[in-house]
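The next block holds one structure in the form of structure tokens; read it before the comments.
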Amino acid sequence: MTVKKINYLQKAEDVIIVLTFVVMTLSAFLQVCNRNITKIPVTGFEELSKYCMIYMVLLGTEMGLRDGTQIAVTALQDKLKGRARLFILILIKAILIVFAAVMFYQSIALCQIQLKSGQTSPGLGVPMVVPYFALLLAFGIIAIVQLIGAAAMVSAFIKGNTEKYEYVDLSVETAEKMVKEEEEKVRSNQKGGQSS
């Protein structure tokens, strides 16, 4: 897959997340209005919002893994530098890829069972394969994106190009120090500008 295709898939994923968020919010709002104001017997709002939340959370998980914003225990990798750090990052990616691949495979079986059973949801009457497909979609994307990231890391490891994967210390003390340094630069620039 080329970078352009991956970017296209990630944009499509972002659109799906936004759409599911909008639909989830609207259906929850309409459910509350219906329950408290109109009292019209309309079913499915709650179910629709739950299914949208399932898609949003699973695709959001992939997004967080992709850009590194998922919560993680990084005590070991933070202490390492260079190739040792990159090796640990590759190992973490490999474990994640195996997990996502197993979940993807099991999701296929789960969706096949739902297709054969013909089970439908009670509120909306949609086939239950629709909410279960979220697992298949999310873990498939996770496996592909993490595999591409791991390939880039392995290539960097082989070439000895580890700068991109070096640890950046962003502790509170470091952040405060950086802010103070920037403030000093601004003050010195202001003093230099006033004297001329």
Problem - E47: partners by salt bridge (Lys or Arg N to Asp or Glu O under 4.0 Å), with sequence neighbours left out - result: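 None.
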Completion exercise
The salt bridge (Lys or Arg N to Asp or Glu O under 4.0 Å) partners of K185 (sequence neighbours excluded) come to E182
Check the hydrophobic clustering (I, L, V, M, F, W, Y; side-chain heavy atoms under 4.5 Å; chains of links allowed) and say if [X] and [Y] are grouped together.
X	Y	result
L137	M128	yes
F99	I95	no
I144	I142	no
L96	L86	no
I97	L135	no

Shortest non-hydrogen contact from [X] toward [Y]:
X	Y	answer
V129	C111	CG2-O, 3.7 Å
L58	A138	CB-CB, 3.5 Å
R83	I158	NH1-O, 4.3 Å
M63	D14	CE-OD1, 2.8 Å
G60	I17	N-CD1, 3.8 Å
A134	I54	CB-CG2, 3.8 Å

Handout entry: For Y51, the option from V23, T20, V126 that meets side chain to side chain contact (heavy atoms under 4.5 Å, CB included)
Key =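 With Y51 as partner, V23, T20, V126 yield a single side chain to side chain contact (heavy atoms under 4.5 Å, CB included), made by V126.
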Exercise for the section: Kindly give the cluster partners of L19, where membership spreads through any ILVMFWY side chain lying under 4.5 Å from a current member. Expected result: V15
Handout entry: Heavy-atom donor-acceptor pair, T25 side chain to F21 backbone, under 3.5 Å
Key = yes
Could you go through residues 28-37 and list every donor-acceptor pair under 3.5 Å that involves a side-chain atom there, pairing it with any protein atom two or more places apart or in another chain?
from	atom 1	to	atom 2	distance (Å)
N34	OD1	T38	OG1	2.9
N34	OD1	I40	N	3.0
N34	ND2	I40	O	2.8
N36	ND2	V32	O	3.3

Handout entry: Non-hydrogen side-chain atoms of F133 and Y55 separated by less than 4.5 Å
Key =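 When only atoms from C-beta onward are counted, Y55 and F133 do touch, with a gap below 4.5 Å.
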Handout entry: Selection residues 53-64 - residue pairs positive for salt bridge (Lys or Arg N to Asp or Glu O under 4.0 Å), sequence neighbours left out
Key = E62-R66
Exercise for the section: Would you please name every residue forming a side chain to side chain contact (heavy atoms under 4.5 Å, CB included) with A143, sequence neighbours left out? Expected result: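 Side chain to side chain contact (heavy atoms under 4.5 Å, CB included) check on A143 returns A100.
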Interatomic spacing from [atom1] in [X] to [atom2] in [Y] - rounded to 0.5 Å:
X	Y	atom1	atom2	value
Q10	L59	CD	CG	12.0 Å
I148	K93	CD1	NZ	10.5 Å
M53	S27	CE	OG	10.0 Å

Practice task
Applying side chain to side chain contact (heavy atoms under 4.5 Å, CB included), run through L65 and V145 and close with a yes or a no.
Solution key: CA-CA 9 Å; L65 287 170; V145 170; over 6 Å; no
Handout entry: CA sep, side-chain torsions, deciding dist, call: F104, I108, side chain to side chain contact (heavy atoms under 4.5 Å, CB included)
Key = CA-CA 6 Å; F104 177 75; I108 292 171; 3.6 Å; yes
Problem - Verdict with supporting geometry, Y132 and L136, side chain to side chain contact (heavy atoms under 4.5 Å, CB included) - result: CA-CA 7 Å; Y132 284 104; L136 188 69; over 6 Å; no
Exercise for the section: Count the heavy atoms of every other residue, nucleotide or ligand shown that sit under 6.0 Å from CZ of F87, and state whether that count exceeds 12. Expected result: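 Counting neighbours around CZ of F87, 12 or fewer heavy atoms of other residues, nucleotides or ligands fall under 6.0 Å, so no.
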